[in-house]
**Student:** 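Would you mind keeping the following structure in view while I ask a few things?
Throughout, protein chains are lettered first and strands after them, A, B, ... in sequence-line order, and every chain is numbered starting at 1.
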2 protein chains.
Amino acid sequence: MADDGPLKMADVARLAKVSMSTVSRALADNPLIPEDRRREIQRIAAEAGYVINQSARSLRMRKTQTIGVVFPLGHDVGQLISDPFFIEMFGRLADEITTRGYQVLLCRVTDTSDGWLNRIIQSHRQDGLVIVGQSDQHAALNQAAESYHPLVVWGGHLSGQVYCSVGTDNIGGARRAVDHLLGLGRKRIAFLGMLELPEISLRYEGYVRALRAAGIEQDPALVIPAHFSFETAYEAARELIESGTAFDAIFATSDIIALAAIQALAAAGIDVPGQVSVVGFDDIAIAAQSTPPLTSVQQDLAKGAKTIVDLLFKRMAGEDAPSATLLPKLVVRKSCGGASAA
Amino acid sequence: MADDGPLKMADVARLAKVSMSTVSRALADNPLIPEDRRREIQRIAAEAGYVINQSARSLRMRKTQTIGVVFPLGHDVGQLISDPFFIEMFGRLADEITTRGYQVLLCRVTDTSDGWLNRIIQSHRQDGLVIVGQSDQHAALNQAAESYHPLVVWGGHLSGQVYCSVGTDNIGGARRAVDHLLGLGRKRIAFLGMLELPEISLRYEGYVRALRAAGIEQDPALVIPAHFSFETAYEAARELIESGTAFDAIFATSDIIALAAIQALAAAGIDVPGQVSVVGFDDIAIAAQSTPPLTSVQQDLAKGAKTIVDLLFKRMAGEDAPSATLLPKLVVRKSCGGASAA
DNA sequence: TACGCTAACGCAATCGATTGCAAAATCAAG
DNA sequence: CTTGATTTTGCAATCGATTGCGTTAGCGTA
C-alpha cells in the first residue's frame with residue numbers, strides 16, 4: 001500500500017483506527033461523532049493530505065455543488081466568449097456563485113439538435129442552471145422548465161413564458177433611448193439589430209412605440225439586420241450608409257454594434273455626434289472609453305447576476321421564485337450630442 | 001416504474017431487451033457490438049431521452065472530461081473576475097478547451113492555506129489544470145508539479161522552475177517598452193508595479209537593463225509599488241506626482257495601472273504625452289480606445305491560450321511538454337508621443 | 001452429426017463515497 | 001450485578017455506470 005495512487009477514505013479509516021462510516025461522518029462534521037474525536041479524525045485526514053473524491057460523493061449524494069452556466073447558441077455558435085457583454089455577465093455570475101460555495105461549470109453547446117437542453121440537464125453535472133440569453137430557444141426553454149426547476153434564464157420576459165427569467169425592461173430601455181434621440185431633434189432614426197431574437201424584437205417594440213408617440217412615420221428602410229459581432233455590424237452600418245437612405249441617428253441594439261457603426265461612420269467621413277447621433281445598449285466597460293464616449297442603455301449586470309443566482313438558489317431549495325425585471329437607465333455621453341458624463 | 005426520476009441505463013436495457021453491458025458498449029460505439037445493433041440501441045436511448053449520468057461515469061472511468069481553470073490569489077482574493085486581462089484570458093482558454101470537447105470548471109480558491117493546490121488536484125473534479133498567473137505561489141506550484149503532471153501555468157519562466165509554464169518574455173517586453181521611451185528622449189522614467197510578484201520583477205529586470213544600456217543612472221525614488229486595481233494604482237500615481245520627484249515618463253506594468261496613471265496625470269493638469277509619456281503592459285481591448293490611446297506591450301492571448309491548452313493536452317496524454325515563451329510586441333499609440341496606431 | 005472457432009453477449013465486480021439500521025459500548029439507577 | 005436508556009460505532013446496501021472474463025450462439029467444415 002505504499003503509493004497506490006491518492007488516498008481513499010478507507011486509508012484514512014485505517015490510519016485513525018476506525019471505520020469508514022466514522023471517517024465520513026467526522027469529515028462531514030456530523031454531531032453523531034463526539035466533537036473531540038471529530039477534530040482528531042479531521043486532523044489525521046488533513047495531515048495525510050486526504051481529499052474527498054468528488055465523483056464518488058456526487059454519485060452517492062446526487063449533488064455536485066456545481067452550477068452550470070450555459071451560453072446561447074442559435075445565431076452564433078462560432079466564437080463563444082468574444083462578446084464583452086457575455087464575459088462581464090459571466091464574471092459577475094461566477095462571483096455570486098462561488099461566494100455561495102458552489103463551483104461554476106461553463107457549458108458550451110456544440111450540438112444544437114433537438115433535446116440539447118435536456119442532454120445538459122440529464123447529465124447531472126450540475127445542481128442548477130443559468131442560461132445567459134434565450135437566443136431563439138424560447139420553446140426549448142419552456143419545455144425544459146416544465147420538469148426541471150433549478151433553472152433561471154437571463155433575458156426578456158416573453159409572452160407565454162413558463163421558465164423563470166431575469167432581464168431588463170427591453171421595451172422601456174429602448175423607448176428611453178429613442179425618446180432621447182427624438183428630444184435632440186433627430187427624426188430619421190435607424191434601428192440596427194436582429195429582429196429574430198426575442199430580446200431584440202422587444203427593443204424594436206420600444207423603438208416603434210417611441211416613434212409612434214412622437215407622431216413620426218416609421219421607415220422600413222431604416223431597420224437594418226445586424227448580428228452581434230463587430231465585423232458583421234460594421235458591414236451592416238456600411239451598407240446603410242452606402243444605401244443613400246437619409247438618417248440622422250442610430251439606435252444600436254448592443255454597444256458592439258454601436259461602436260462598429262461609429263467606426264463605419266468615421267470611415268465615411270460622417271461626424272458623430274455632429275451629423276449623426278448614436279445610442280447603444282448594455283453600457284459595457286468600453287462604452288465610456290470610446291471616442292466619442294457612447295451614450296448607452298445601462299443594464300446593471302452586478303444586480304442582474306445577484307438576482308439570477310438568488311432566484312436560482314431559491315428554486316434549488318424547492319421554493320417557486322418568480323421572474324424579475326430590472327429597470328434600465330440611460331447613460332448619456334457625447335456620442336449623441338448630449339452632455340458628457342460626469 | 002412510471003416516473004422514477006430520470007432514466008438509468010438499466011431502463012434502456014429493458015427497453016432494448018439487452019443487458020446493461022450491451023447498452024453501455026453500444027453507446028460508447030464499441031465495435032464489439034455489431035454496427036446495426038449499435039445504431040438501434042442508440043436510437044432507442046435517444047428516443048427515450050436517456051443521458052448518461054456523468055457522476056457515475058466519472059467515478060468508474062476516473063475521468064471527468066473537464067479542465068479546471070484556477071485564478072490567482074495571494075494578492076487579491078476579493079473580486080475575482082474584475083480584471084479585464086484575466087477575463088479575456090479566461091474567454092480564450094474556454095474557447096480552446098470546449099473546442100476539444102472538454103468542459104471548463106472555474107475554480108476559485110477561497111482557502112489559501114497550505115495545500116490549497118493539492119486540495120484542488122485530489123478532488124478529482126478535473127482531468128487537468130490551468131493556473132492563470134503564478135502570483136506568489138511559485139513554491140506551491142513547483143511542489144504540486146512533482147507528482148501531478150496535467151498542469152500548465154500562465155506566467156513568466158522563473159529560475160528553478162519545475163512546472164510547465166507559458167508566458168511572454170517579460171524582460172524583453174519591458175526592455176522594448178523602456179527602450180522606446182528612451183528613444184523619444186525621455187530620461188526620468190518611473191516604474192509602477194509590485195516587485196513582489198515574479199512576473200513583475202522580471203519586467204523590472206528589463207527596465208533596469210534598458211536604463212543601464214543607455215547609461216542612465218537608476219533612481220529608487222522612481223520605483224513605485226502599485227497593485228493591479230485601478231483605485232490603488234491611481235493612488236500610487238497621485239503620490240508619485242505629489243512627491244515632487246521629477247519624471248518625464250511612466251512605464252506601468254499593466255494597462256489598468258497605466259490608465260489609472262493617465263487619469264491621475266490629467267487630474268493634476270499634466271499633459272500626456274506632452275509632458276509625460278506613458279506605456280502600459282498587456283494591450284487589453286480598452287487600451288486602443290482610451291484617451292489618448294495607450295502604447296502597450298502586447299501579449300498575444302489567443303496564441304497564449306492555444307499554447308497552454310495544447311501543452312496541457314499533451315501532458316494529459318502522458319507526453320512531457322516543455323515550457324514555452326511568447327514574444328511580446330510593442331504597440332505604439334499616442335500616449336507616449338509616438339505615431340498613432342494604423 | 002460432431003467439432004472447432006469466432007462473434008455476441010451477459011454476469012458480477014468495481015470505482016469511492018454516504019447512510020439506514022442494528023450491534024456494541026457506556027452509563028445511571030435500582 | 002441487572003436492566004434499561006443512551007451514546008458510539010460499524011456492517012452492508014446503495015448511487016449508476018464500465019469492463020474483464022466466461023458463456024452462449026452461430027457458422028463452416030469434416
**Student:** Over how many whole Å does the gap from A:Met20 atom CE to D:dA13 atom P extend?
**Tutor:** 14 Å
**Student:** Any salt bridge between B:Asp310 and B:Arg315, counting N to O under 4.0 Å?
**Tutor:** no
**Student:** Relative to each other, are the rings of A:Phe71 and A:Phe90 parallel, tilted or perpendicular (30° and 60° limits)?
**Tutor:** tilted
**Student:** Rounding to an integer number of Å, can you tell me how far B:Glu40 CD sits from C:dA8 P?
**Tutor:** 16 Å
**Student:** Any idea which of D:dA17, D:dC15, C:dC9 is nearest the B:Lys8 side chain?
**Tutor:** D:dA17
**Student:** Quick check on DNA chain D: between B:Leu32 and A:Pro34, whose nearest nucleotide comes earlier from the 5' end?
**Tutor:** A:Pro34
**Student:** Would the base of C:dC11 count as contacting B:Ser21 through its side chain, where contact means a donor and an acceptor less than 3.5 Å apart?
**Tutor:** yes
**Student:** If you check every side-chain atom of B:Ser24, which of C:dG10, D:dT18, C:dT18 has the closest atom?
**Tutor:** D:dT18
**Student:** Taking atom types as they are modelled, is there a donor-acceptor pair under 3.5 Å from the base of C:dG10 to the side chain of B:Arg25?
**Tutor:** yes
**Student:** Respond yes when some side-chain nitrogen or oxygen of A:Arg37 is under 4.0 Å from OP1 or OP2 of D:dT9, and no when none is.
**Tutor:** yes
**Student:** Pick the closest DNA chain C nucleotide for B:Met61 and for B:Lys17 by heavy atoms, then say which residue is nearer the 5' end.
**Tutor:** B:Lys17
**Student:** Starting at atom CG of A:Asn30, determine the distance to atom P of C:dT18, rounded to an integer number of angstrom.
**Tutor:** 11 Å
**Student:** What is the nucleic acid contact for A:Arg60, judged by heavy atoms within less than 4.0 Å: base, sugar-phosphate only, or nothing?
**Tutor:** base
**Student:** CZ of A:Arg38 versus P of D:dT9: gap in Å, rounded?
**Tutor:** 11 Å
**Student:** Return yes when atom CD of B:Gln143 has more than 12 non-hydrogen atoms of other residues, nucleotides or ligands closer than 6.0 Å, and no otherwise.
**Tutor:** no
**Student:** Of the nucleotides C:dA17, D:dC11, C:dC9, which one has an atom closest to the side chain of B:Thr22?
**Tutor:** C:dC9
**Student:** Can you tell me how far P of D:dC15 sits from CZ of A:Arg125, to the nearest Å?
**Tutor:** 22 Å
**Student:** Could you tell me the separation between the CG atom of A:Leu59 and the C1' atom of C:dT19, rounded to a whole number of Å?
**Tutor:** 14 Å
**Student:** Of the nucleotides D:dC11, C:dT18, D:dA17, which one has an atom closest to the side chain of A:Ile52?
**Tutor:** C:dT18
**Student:** I want to verify a distance call: between C:dA17, D:dT19, D:dA17, whose nearest atom is closest to the B:Asn53 side chain?
**Tutor:** D:dA17
**Student:** Just verifying a value: how many Å separate A:Thr66 OG1 and A:His124 NE2, rounded to the nearest 0.5 Å?
**Tutor:** 13.5 Å
**Student:** Would you please classify the geometry between the A:His138 ring and the A:Tyr163 ring as parallel, tilted or perpendicular, with 30° and 60° separating the classes?
**Tutor:** perpendicular
**Student:** I want to verify a distance call: between C:dA17, C:dC9, C:dC11, whose nearest atom is closest to the A:Ala56 side chain?
**Tutor:** C:dA17
**Student:** Take the angle between the ring planes of A:Phe85 and A:Trp154 and call it parallel below 30°, perpendicular above 60°, tilted in between.
**Tutor:** tilted
**Student:** Kindly point out which of C:dA17, C:dC11, C:dC9 is positioned nearest to the side chain of A:Tyr50?
**Tutor:** C:dA17
**Student:** In whole Å, I'd like the distance from the CG atom of B:Leu27 to the C1' atom of D:dT19.
**Tutor:** 15 Å
**Student:** Using heavy-atom distances to pick each residue's nearest nucleotide on DNA chain C, tell me which of A:Met9 and B:Ile33 is more 5'.
**Tutor:** B:Ile33
**Student:** Please check the phosphate of C:dC15 (OP1 and OP2 only) for any side-chain N or O of B:Arg57 closer than 4.0 Å.
**Tutor:** no
**Student:** Would you kindly give the NZ-to-P distance between B:Lys63 and C:dT14, to the nearest whole Å?
**Tutor:** 23 Å
